Amino acid sequence: MLKHLLQGAILMSILVATTLQAAPRDLIIDTDPGADDVVALFLAMASPQELNIRAITTVAGNVRLAKTSRNARLAREWAGREDIPVYAGAGRPLVRKPIYAADVHGEEGLEGVEVHEPRQGLAQGNAVQYLVDTLSSAEPHSITLAMLGPQTNLALALIQKPEIVKGIKEVVVMGGAHFNGGNITPVAEFNLYADPHAAEVVLASGVKLTYVPLDLTHKVITSEARFKQLAAVNNQASRRVVDILNVYVKHDMDLYGMPGGPVHDASVIAYLLEPELFSGRRAHMVIDSREGPTFGQTVVDWYGVLKQPANVLWLNEGDAQGFFDLLSVRLARLR
């Protein structure tokens with residue numbers, strides 16, 4: 001009898017452990033699509049076993065808010081995930097004059113594919129209020145935020161109700177540059193340059209922060225073989241990704257003389273799915289929001305010379321082929 005009880009207890013422990021391991025991560029994706037944002041959204045929406053996408057919130061960044069909100073809804077439609085609500089958020093930065101990246105992403109925010117008005121509209125309400133309401137009522141440290149554009153929405157939510165930080169498990173930011181140099185100024189990455197004051201608010205909140213900077217994303221780049229790998233998936237999703245990236249990566253290849261181009265935002269989702277593909281170091285970081293040549297710079301104390309406590313996990317290495325293998329497998333799940 002005791003033997004059967006022990007066996008039953010062990011089996012129950014295994015079942016509980018399996019259930020806990022299999023539980024998907026609750027995720028809100030804050031984004032400004034943008035070519036690489038759409039690839040990131042596809043990767044996330046193809047991974048429901050790991051990521052329970054509570055909502056997509058949009059912000060002005062790569063293009064104006066109306067277009068980022070349309071493109072997010074298009075990505076949702078193309079992926080067959082119209083169950084996910086899309087909330088429109090901030091149309092301008094906290095302080096600075098708005099800037100956009102149409103020279104990189106095109107006037108519509110997406111080149112290489114036809115864009116149209118999606119079937120399904122926006123969710124009722126504003127993204128900032130959605131964040132406040134959702135994070136206020138969440139279990140402690142239960143919701144992850146993937147920040148793929150300027151951090152304006154989350155900053156506004158934190159300013160409105162600072163205690164929402166208790167509901168946040170982790171914030172993973174595509175942004176910043178240290179070793180690599182910037183992509184909008186010699187030292188600043190676009191998402192931080194577009195709203196450094198918002199990034200400062202998020203950093204000061206004390207939330208668990210992981211940064212996926214240019215230091216990493218410029219090492220996870222396309223190649224002719226990787227384009228062939230994606231094309232071999234041969235469904236609508238993979239064809240769209242290939243068509244988008246074929247146009248998008250040319251800018252960085254021409255600017256930096258690289259043999260391929262980065263897919264910045266998708267690395268955030270890959271990190272959430274397979275963190276073992278990436279490595280970095282916890283370090284102290286500050287953001288420069290002073291007017292001048294270093295505006296928007298992320299200053300990372302990589303060697304700890306300032307003796308300040310670490311406030312971010314700064315990723316700087318990634319398995320490029322592992323990333324494209326993951327992307328290929330997940331795109332095959334879409335239509």
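Here the structure is a predicted model, which is why all the values come from computation and not from measurement. Numbers here are sequence positions counted from 1.
- Taking OG1 from Thr152 and CG from Leu65, the interatomic distance works out to 10.5 Å, rounded to the nearest 0.5 Å.
- For Gln120, the side-chain hydrogen bond (donor to acceptor under 3.5 Å, both in side chains) test picks out no residue, with sequence neighbours left out.
- Following chains of ILVMFWY side-chain contacts shorter than 4.5 Å, one cannot reach Phe295 starting from Val300, and the two form parts of different hydrophobic clusters.
- When all heavy atoms of Met285 and Asn311 are compared, the pair lying nearest together is N-OD1, 2.8 Å.
- Between atom CG of residue Leu214 and atom CG of residue Leu192 there is a gap of 9.0 Å, rounded to the nearest 0.5 Å.
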Would you mind writing out the side-chain donor-acceptor pairs for residues 54-61 within the sub-3.5 Å range, not counting sequence neighbours?
unit_1, atom_1, unit_2, atom_2, d
Thr57, OG1, Asp30, OD1, 2.6
Thr58, OG1, Ser69, OG, 2.7
Thr58, OG1, Tyr87, O, 3.4

Only pairs under 3.5 Å count here: list side-chain donor-acceptor contacts from residues 89-101, not counting sequence neighbours, and write none if there are none.
unit_1, atom_1, unit_2, atom_2, d
Arg92, NH2, Arg96, O, 2.8
Arg96, NH1, Tyr193, O, 2.9
Tyr100, OH, Arg64, NH1, 3.2

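- Donor-acceptor pairing under 3.5 Å is lacking for the side chains of Ser142 and Asp26.
- Using a 4.5 Å cut-off between side-chain heavy atoms of Ile, Leu, Val, Met, Phe, Trp and Tyr, with links allowed through other members, Val207 and Leu156 fall into the same hydrophobic cluster.
- In this structure, OG on Ser267 lies 8.5 Å from CG on Asp265, to the nearest 0.5 angstrom.
- Side-chain contact between Phe278 and Leu313 is absent, with no heavy-atom pair separated by less than 4.5 Å.
- The side-chain hydrogen bond (donor to acceptor under 3.5 Å, both in side chains) test applied to Arg239 returns Asn234, not counting sequence neighbours.
- Judged as a side-chain hydrogen bond (donor to acceptor under 3.5 Å, both in side chains), the pairs with a partner in residues 176-188 (not counting sequence neighbours) are, in order, Asn180-His218.
- Val247 belongs to no multi-residue hydrophobic cluster, having no ILVMFWY side-chain contact under 4.5 Å with any other such residue.
- The two residues Asp243 and Gly112 make their nearest non-hydrogen contact at CB-O, 3.4 Å.
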Take Leu74 and Val115 through the test side-chain contact (heavy atoms from CB on, under 4.5 Å) and record every step on the way to the result. CA-CA 8 Å; Leu74 270 178; Val115 299; 3.8 Å; yes
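- Inter-residue side-chain proximity for Val241 and Leu331 is flagged as met; some heavy-atom pair is nearer than 4.5 Å.
- In terms of hydrophobic clustering, with Ile, Leu, Val, Met, Phe, Trp and Tyr side chains grouped at heavy-atom distances under 4.5 Å, Leu27 and Ile168 are assigned to different clusters.
- The structure places OG of Ser238 at 9.5 Å from CZ of Phe42, a figure rounded to the nearest 0.5 Å.
- Closest of all the heavy-atom pairs between Ala198 and Asp195 is N-OD1, 3.1 Å.
- The closest side-chain heavy-atom distance from Val242 to Phe227 is below 4.5 Å.
- Both Leu306 and Ile287 belong to a single network of hydrophobic side chains, linked directly or stepwise wherever heavy atoms of I, L, V, M, F, W or Y lie under 4.5 Å apart.
- Annotation: side chain of Pro24 is not in contact with side chain of Leu51 (no heavy-atom distance under 4.5 Å).
- No donor-acceptor pair closer than 3.5 Å links the side chain of His105 to the backbone N or O of Leu110.
- Using a distance-only test at 3.5 Å, with no hydrogens or angles considered, no donor-acceptor pair links the side chain of Ser136 to the main chain of Asp133.
- Both Val173 and Phe179 sit in one connected hydrophobic cluster of ILVMFWY residues. Membership requires side-chain heavy atoms under 4.5 Å apart, directly or through other members.
- For the atom pair Leu43 CG and Leu327 CG, the distance stands at 6.0 Å (nearest 0.5 Å).
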Passes side-chain contact (heavy atoms from CB on, under 4.5 Å), Met147 versus Val172? Steps please. CA-CA 6 Å; Met147 309 295 292; Val172 185; over 6 Å; no
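- Side-chain contact between Asp32 and Val63 is absent, with no heavy-atom pair separated by less than 4.5 Å.
- Of all non-hydrogen atoms in Ala237 and Leu334, the two that sit nearest each other are CB-CB, 3.7 Å.
- For the side-chain contact (heavy atoms from CB on, under 4.5 Å) criterion with Leu158, the lone passing option out of Val132, Ile164, Val128, Leu131 is Ile164.
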Yes or no on side-chain contact (heavy atoms from CB on, under 4.5 Å) for Trp314 and Asp215, after CA distance, side-chain angles and deciding distance? CA-CA 9 Å; Trp314 188 266; Asp215 301 349; 2.9 Å; yes
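- The salt bridge (charged side-chain N to carboxylate O under 4.0 Å, His left out) pairs that include a residue from residues 154-173 are Arg25-Glu170, where partners are two or more places apart or lie in different chains.
- You'll find the side chain of Pro48 reaches within 4.5 Å of the side chain of Arg81, heavy atoms only.
- With 3.5 Å as the limit, one finds no donor-acceptor pair spanning the side chains of Trp302 and Asn316.
- Sorted by first and then second residue, the pairs that involve residues 287-298 and meet side-chain hydrogen bond (donor to acceptor under 3.5 Å, both in side chains), not counting sequence neighbours, are Glu200-Ser289, Asp288-Arg290, Asp288-Thr294.
- Listed by first and then second residue, the side-chain hydrogen bond (donor to acceptor under 3.5 Å, both in side chains) pairs that reach into residues 317-335 are Ser47-Arg330, Gln49-Arg333, Glu50-Arg330, Lys219-Glu317, Arg226-Gln321, Gln229-Gln321, Gln229-Asp325, Gln229-Ser328, Gln321-Asp325, sequence neighbours excluded.
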Trace of the side-chain contact (heavy atoms from CB on, under 4.5 Å) decision for Val312 with Thr210: CA-CA 6 Å; Val312 300; Thr210 297; over 6 Å; no
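- Remark: of the listed residues Leu273, Val212, Leu315, Val212 is the sole one forming a side-chain contact (heavy atoms from CB on, under 4.5 Å) with Val268.
- Residue pairs meeting the salt bridge (charged side-chain N to carboxylate O under 4.0 Å, His left out) criterion with at least one partner in residues 111-129, sequence neighbours excluded, are Arg73-Glu117, Glu77-Arg119, Glu82-Arg119.
- Lys250 NZ to Thr222 OG1: the interatomic distance, rounded to the nearest 0.5 Å, is 11.5 Å.
- Between the side chain of Arg70 and the backbone N or O of Glu108 there is at least one donor-acceptor pair closer than 3.5 Å.
- Listed by chain and residue number, Thr31, Asn62 satisfy the side-chain hydrogen bond (donor to acceptor under 3.5 Å, both in side chains) test with Asp37 (two or more places apart in sequence, or in another chain).
- Between Pro33 and Leu41 the shortest heavy-atom distance is CG-CD1, 4.2 Å.
- Within the 4.5 Å cutoff, side-chain heavy atoms of Met174 are placed close to those of Glu189.
- Residues passing the side-chain hydrogen bond (donor to acceptor under 3.5 Å, both in side chains) test with Thr217, sequence neighbours excluded: His264.
- For the pair Leu148/Ile29, a side-chain contact is recorded, criterion being any heavy-atom separation below 4.5 Å from C-beta on.
- Heavy-atom minimum distance, Asp252 versus Pro262: OD2-CG, 3.3 Å.
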